[in-house]
2 protein chains.
Amino acid sequence: GNTATIIDGKPIAEEIKFRIAGEIQRMKTAIGKSPGLAVVLVGQRRDSKTYINIKLRACEKVGIATVIAELPENCTESELLDVVSRFNEDPSVHGIFVQLPLPQHLDEEKIMTVVSPEKDVDGFHPLNMGNLAIKGRQPFFIPCAPKGCIELLLRFGVEIFGKRSVVIGRSKIVGLPIALLLQRHHSTVSTVHSFTKNPEQITSQADIVVSDVGIPNLVQGNWLKPGAVVIDMGTNLVKDPSSRHGFRVTGDVCYEEAIKVVSAITPVPGGVGPVIISMLLSNTLESAKRAFGFT
Amino acid sequence: GNTATIIDGKPIAEEIKFRIAGEIQRMKTAIGKSPGLAVVLVGQRRDSKTYINIKLRACEKVGIATVIAELPENCTESELLDVVSRFNEDPSVHGIFVQLPLPQHLDEEKIMTVVSPEKDVDGFHPLNMGNLAIKGRQPFFIPCAPKGCIELLLRFGVEIFGKRSVVIGRSKIVGLPIALLLQRHHSTVSTVHSFTKNPEQITSQADIVVSDVGIPNLVQGNWLKPGAVVIDMGTNLVKDPSSRHGFRVTGDVCYEEAIKVVSAITPVPGGVGPVIISMLLSNTLESAKRAFGFT
Ligand SMILES: NC(=O)C1=CN([C@@H]2O[C@H](COP(=O)(O)OP(=O)(O)OC[C@H]3O[C@@H](n4cnc5c(N)ncnc54)[C@H](OP(=O)(O)O)[C@@H]3O)[C@@H](O)[C@H]2O)C=CC1
Ligand SMILES: NC(=O)C1=CN([C@@H]2O[C@H](COP(=O)(O)OP(=O)(O)OC[C@H]3O[C@@H](n4cnc5c(N)ncnc54)[C@H](OP(=O)(O)O)[C@@H]3O)[C@@H](O)[C@H]2O)C=CC1
């Protein structure tokens, strides 16, 4: 039978974090400075707090200083913009991320545009996205999820150049920048979305499939070309009475079917997720190096 | 046999220009102002001068004021940037375009970034490109060639929503923004480029094919799905001793083969070309309206 490689992100994430911690140590020793990350949280969403805590803990472990600005759910746009502007000007802050989603009354796109492109470690500023899209240009930052996706492909020796890729989903956070990045690596990219007819047909032609939809088991075994490589970005909570919390996390891809067909696949959880967080650390370190002129 | 619709851009371009001229007349009457376009030309390239003259003449015809800054081939970057900055600040200028290509010693990408995004009627500023790429955002301007391409599709009643598109070529000027724009219209888009293997295979699945490569007769009849719609952006000079100037203009698509297969196609010349110029006028008018708060 087929034996698919399971793309385990955890050891890779650990290795990247280890390297980052070493670099930060070297920076401290050489110039007495360290990178700083500022987090902006509006409101009290529990899931947002969980995500932030994971990121903050990862920062501390490698030596990135963190500061968090918490604003009340009902804060005004100008209060929020003031906080962002202060971080923009603070030389000890090298990365700023605004935890999404924001409450309805705040204009997310407007606020993302106020984050300095030079501190936009999430890579969502339209200037960074434009520079990612345009050949011959370089964004200050590549968004973390796409960067993690490509990192896994490269580490596992997956050829991207000249290969057919299908990206399912086109969100600003994941699908769009992954498609742009795969194209930068000279893959032939097709983007599938909610209005695509017969998505299984085009997907089954791809050497590389990336899914970022949010629907468990959307991608079935017969969607996949034998030998394809699958990166499952989906992080979906499904009910599971047998588990301790009553639910478990699953991806977009029907894993049991896929492993019989593909040559390699990321499990959910444990595939791309851990690598994404290490990419945030990497972007913050890069930014601090640029700010300090440290190489 | 098959009777393909020939997508004639000339009457459409005329109609658009007629409408623009009317709008400008209305603007002059109402507020005593008219739109202004500034052109920056470095060096003496004959083809660049020809292109600029076509654009300037089109401007004059509809009532757009024009100003042209000509710099010597060996001008410095800072001289060029000064000229651009002056136009950025000039309230009578609503659109700025820098004629490409620039001489080798000038950093094209850097200069394009200095053009104010609010006057970037070519739509090449990375901020505008990023805003074109990101769902839910709006660029100040959509580049003229892609805008012309979509205009033709819409005018000829070609359904884009949910249809498969293949864009051959991914230049910043044409291929990339067309792919982004087709995706905005909810087409399922694949981008083919010079490293794509078997480009004919993926192209033959497309309902809409846009070519922007620069190779005459690259796209042959057997690349095309019966009934597809083809927009040929290629503008290639080929030798032709029988013609007056010794050459003629041809597209990327083998027209004689294609018309036997497709449901509609743009001829070269005369297809999308004339519409592209009217889009420059349209972008300049839009910009002036925005600047004057005129609706
Ligand atoms: N691993 C990570 O760190 C991250 C994981 N995620 C996960 O990725 C998933 C998507 O999240 P997010 O990007 O925020 O979601 P969005 O809702 O922003 O995007 C979902 C995308 O999927 C497309 N889509 C919806 N239904 C279908 C369908 N039936 N077939 C094909 N495409 C479809 C949508 O298309 P359309 O544009 O037409 O609406 C949209 O582009 C979630 O599981 C989320 O948890 C998200 C962020 C980071
Ligand atoms: N109608 C108009 O107003 C305009 C017309 N044009 C015309 O469009 C054409 C392209 O010009 P431009 O965009 O400036 O050119 P570029 O050289 O910038 O782009 C050409 C594109 O074609 C791709 N390509 C090259 N060879 C092949 C191949 N064999 N198969 C598939 N793709 C290939 C390249 O791929 P890769 O990225 O891998 O190198 C590149 O993306 C020309 O004919 C030009 O005259 C251009 C601008 C405006």
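Each chain gets a letter, A, B and so on, in the order its sequence line appears, and its residues count up from 1.
- Of all heavy-atom pairs spanning A:Leu176 and B:Ala133, the tightest one is CD2-O, 3.4 Å.
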Compile a table of inter-chain donor-acceptor pairs under 3.5 Å between chain B and chain A, counting both main-chain and side-chain atoms.
unit_1: B:Glu109; atom_1: O; unit_2: A:Arg137; atom_2: NH2; d: 2.6
unit_1: B:Glu109; atom_1: OE1; unit_2: A:Arg137; atom_2: NE; d: 2.5
unit_1: B:Glu109; atom_1: OE1; unit_2: A:Arg137; atom_2: NH2; d: 2.8
unit_1: B:Thr113; atom_1: OG1; unit_2: A:Arg137; atom_2: NH1; d: 3.0
unit_1: B:Thr113; atom_1: OG1; unit_2: A:Arg137; atom_2: NH2; d: 2.9
unit_1: B:Arg137; atom_1: NE; unit_2: A:Glu109; atom_2: OE1; d: 2.4
unit_1: B:Arg137; atom_1: NH1; unit_2: A:Thr113; atom_2: OG1; d: 2.9
unit_1: B:Arg137; atom_1: NH2; unit_2: A:Glu109; atom_2: O; d: 2.5
unit_1: B:Arg137; atom_1: NH2; unit_2: A:Glu109; atom_2: OE1; d: 2.8
unit_1: B:Arg137; atom_1: NH2; unit_2: A:Thr113; atom_2: OG1; d: 2.9
unit_1: B:Arg170; atom_1: NH1; unit_2: A:Gln183; atom_2: O; d: 2.9
unit_1: B:Arg170; atom_1: NH1; unit_2: A:His186; atom_2: ND1; d: 3.4
unit_1: B:Arg170; atom_1: NH2; unit_2: A:His186; atom_2: ND1; d: 2.8
unit_1: B:Gln183; atom_1: O; unit_2: A:Arg170; atom_2: NH1; d: 2.9
unit_1: B:His186; atom_1: ND1; unit_2: A:Arg170; atom_2: NH1; d: 3.4
unit_1: B:His186; atom_1: ND1; unit_2: A:Arg170; atom_2: NH2; d: 2.7
unit_1: B:Ser187; atom_1: O; unit_2: A:His193; atom_2: NE2; d: 2.8
unit_1: B:Thr188; atom_1: OG1; unit_2: A:Thr196; atom_2: OG1; d: 2.8
unit_1: B:Val189; atom_1: O; unit_2: A:Thr191; atom_2: N; d: 3.1
unit_1: B:Ser190; atom_1: OG; unit_2: A:Ser190; atom_2: OG; d: 2.5
unit_1: B:Thr191; atom_1: N; unit_2: A:Val189; atom_2: O; d: 3.1
unit_1: B:His193; atom_1: NE2; unit_2: A:Ser187; atom_2: O; d: 2.8
unit_1: B:Thr196; atom_1: OG1; unit_2: A:Thr188; atom_2: OG1; d: 2.8
unit_1: B:Gln205; atom_1: OE1; unit_2: A:Gln205; atom_2: NE2; d: 3.4
unit_1: B:Gln205; atom_1: NE2; unit_2: A:Gln205; atom_2: OE1; d: 3.4

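- Taking A:Pro199, A:Gly136, A:Gly130 one by one and counting their heavy-atom pairs under 4.5 Å with chain B, the maximum is reached by A:Gly130.
- Counting heavy-atom pairs closer than 4.5 Å to chain A, the top-ranked of the candidates B:Leu180, B:Ile202, B:Val192 is B:Ile202.
- Contact of A:Ile134 with chain B is made through backbone and side chain together, with heavy-atom distances under 4.5 Å.
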